[in-house]
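Heads up: the structure comes next, in structure tokens.
FYI, side chains are in, hydrogens and waters are out, and symmetry mates aren't considered; it's all heavy atoms of this structure. So you know, we letter chains A, B, ... as the sequences are listed, proteins then strands, and number each from 1.
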Number of protein chains: 2
Amino acid sequence: MSDALRQFKSEIFQALAHPTRIAIVETLRDGELSAGQLIEKLDLEQANASQHLAILRAKHVVVNRKAGNQVFYSIRDPALIKVLDILRRYFYSQLSSTVSMLEEVAQAGSFKK
Amino acid sequence: MSDALRQFKSEIFQALAHPTRIAIVETLRDGELSAGQLIEKLDLEQANASQHLAILRAKHVVVNRKAGNQVFYSIRDPALIKVLDILRRYFYSQLSSTVSMLEEVAQAGSFKK
DNA sequence: TGTTAATATTCGCTACTTCGAATATACTAT
DNA sequence: ATAGTATATTCGAAGTAGCGAATATTAACA
């Protein structure tokens, strides 16, 4: 696999490597929203939201459409939604193994004197 | 959706947001390898490889097994492989649309006297 | 034309990431 | 014990990402 392709992939991952940008993508899951609607739903600073949207645009994660005064955003490729769904399940399975690990530790602790 | 879950997801993406770490994960796709084998296959600096492996370990993307002198790494959860597979298709579809865009631009350019 | 509303960009600051060099740790074998 | 090999950690420098405040752009409409 070429270095250029890996560079490209890592940039996509980087684009999603922020909780606010994940929140934006998840919120766009059910259809397009204007920047203003996103700001309200997610309670973001205007400038901050615009910066995050610029990053998502630059990496073609989202796509935008101007309508008069407003700019509507939507997800470019639904495959991304699928990825986020897998990660949710992944998160919970990891959580439960972490919990059992903690339980083991607690159990071991209780044997001490 | 909870902030904790978004934080978690963004940390996984962050863990993969580097070409070297993508290379490591892709190389481990077909089974475990020692740190040394990874370093040789990917032509990495020893310290650098170890730093990247530490990041992947911290985020539980990979798991390690010590055998004498060596440390063998493998991918912790096959769900991640699935994510990478989905993203591979995503990357190619994005790549090809980017390429066609570039071709259009080139085409347009060729009309300029 | 001037004012307001929606969104984007720039700026300075702080915090994080990445790197290679150096050093530390851990295991093996002599 | 000591030498050698495999891997990990620490350190400081250089680069990059994130933030809010301020400012710029664009469109709508009086």
* **Flag for B:Arg76-B:His60: side-chain donor and acceptor within less than 3.5 Å** => no

* Asked: B:Asn64 CG to D:dA8 P: how many Å, rounded?
  -> 7 Å

* Asked: Tell me: CD of A:Glu40 to C1' of C:dA6, nearest whole Å?
  -> 14 Å

* Can you list the steps and then say if A:Asp77 with A:Lys82 is a salt bridge (charged side-chain N to carboxylate O under 4.0 Å, His left out)? -> CA-CA 10 Å; A:Asp77 186 328; A:Lys82 202 167 173 182; over 6 Å; no

* Asked: Are B:His52 and C:dT17 close enough that a side-chain N or O sits under 4.0 Å from OP1 or OP2?
  -> no

* Check the angle between the aromatic planes of A:Phe13 and B:Phe91 and answer parallel, tilted or perpendicular using the 30° and 60° thresholds. => perpendicular

* To do: Hey, could you give me the CD/OG distance between B:Gln46 and B:Ser50, rounded to the nearest 0.5 Å?
  => 5.5 Å

* Asked: Is there a residue in residues 70-77 of chain B whose heavy atoms reach under 4.0 Å of DNA chain C, and which residues are they?
  -> none

* Asked: Within the structure shown, what part of the strands sits under 4.0 Å from A:Ile39 by heavy-atom distance: base, sugar-phosphate, or nothing?
  -> nothing

* **Nucleotide C:dT25, atom P - distance to CG of B:Leu53 in whole Å** => 20 Å

* Begin from the C-alpha positions of A:Val71 and A:Arg65 and carry the test side chain to side chain contact (heavy atoms under 4.5 Å, CB included) through to its verdict. => CA-CA 6 Å; A:Val71 180; A:Arg65 168 178 81 80; over 6 Å; no

* Asked: Rounded to the nearest Å, what distance is computed from the CG atom of residue B:Leu44 to the C1' atom of nucleotide C:dT18?
  -> 13 Å

* Spacing of A:Gln14 atom CD relative to C:dT18 atom P, expressed in whole Å -> 8 Å

* For atom NZ of B:Lys59 and atom P of C:dC16, their distance in whole Å -> 12 Å

* To do: Would you name the heavy atoms of A:Pro19 and B:Arg6 that are closest together and state the gap between them?
  => O-CD, 4.0 Å

* Nearest whole angstrom, please: distance from the P of D:dA8 to the CG of B:Leu38. => 10 Å

* Short side-chain N/O contact from B:His18 to OP1 or OP2 of D:dG15, under 4.0 Å -> no

* Asked: Are the side chains of A:Arg88 and A:Leu84 in touch, meaning some heavy atoms are under 4.5 Å apart?
  -> no

* Spacing of A:Thr27 atom OG1 and A:Tyr73 atom OH [to the nearest 0.5 Å] -> 14.5 Å

* For A:Arg65 and C:dT7, give me the distance from atom CZ to atom P, rounded to whole Å. => 12 Å

* Structure fact -> Which of A:Val83, A:Thr20, A:Leu16 passes side-chain contact (heavy atoms from CB on, under 4.5 Å) with A:Val25? It is A:Leu16

* Work out how much the helix from C:dT1-D:dA30 to C:dT30-D:dA1 bends between its end axes, five pairs an end, to the nearest 10 degrees. => 10°

* Structure fact -> Scoring nucleotides 20-30 of chain D by protein non-hydrogen atoms under 4.0 Å (B base, S sugar-phosphate only, - none) yields BBB----BS--

* Should A:Ile55 and A:Ile24 be counted in the same cluster of Ile, Leu, Val, Met, Phe, Trp and Tyr side chains packed under 4.5 Å apart? -> no

* Asked: With respect to A:Glu11, which candidate in A:Gln7, A:Lys9, A:Gln14 satisfies the side chain to side chain donor-acceptor pair (under 3.5 Å) definition?
  -> A:Gln7

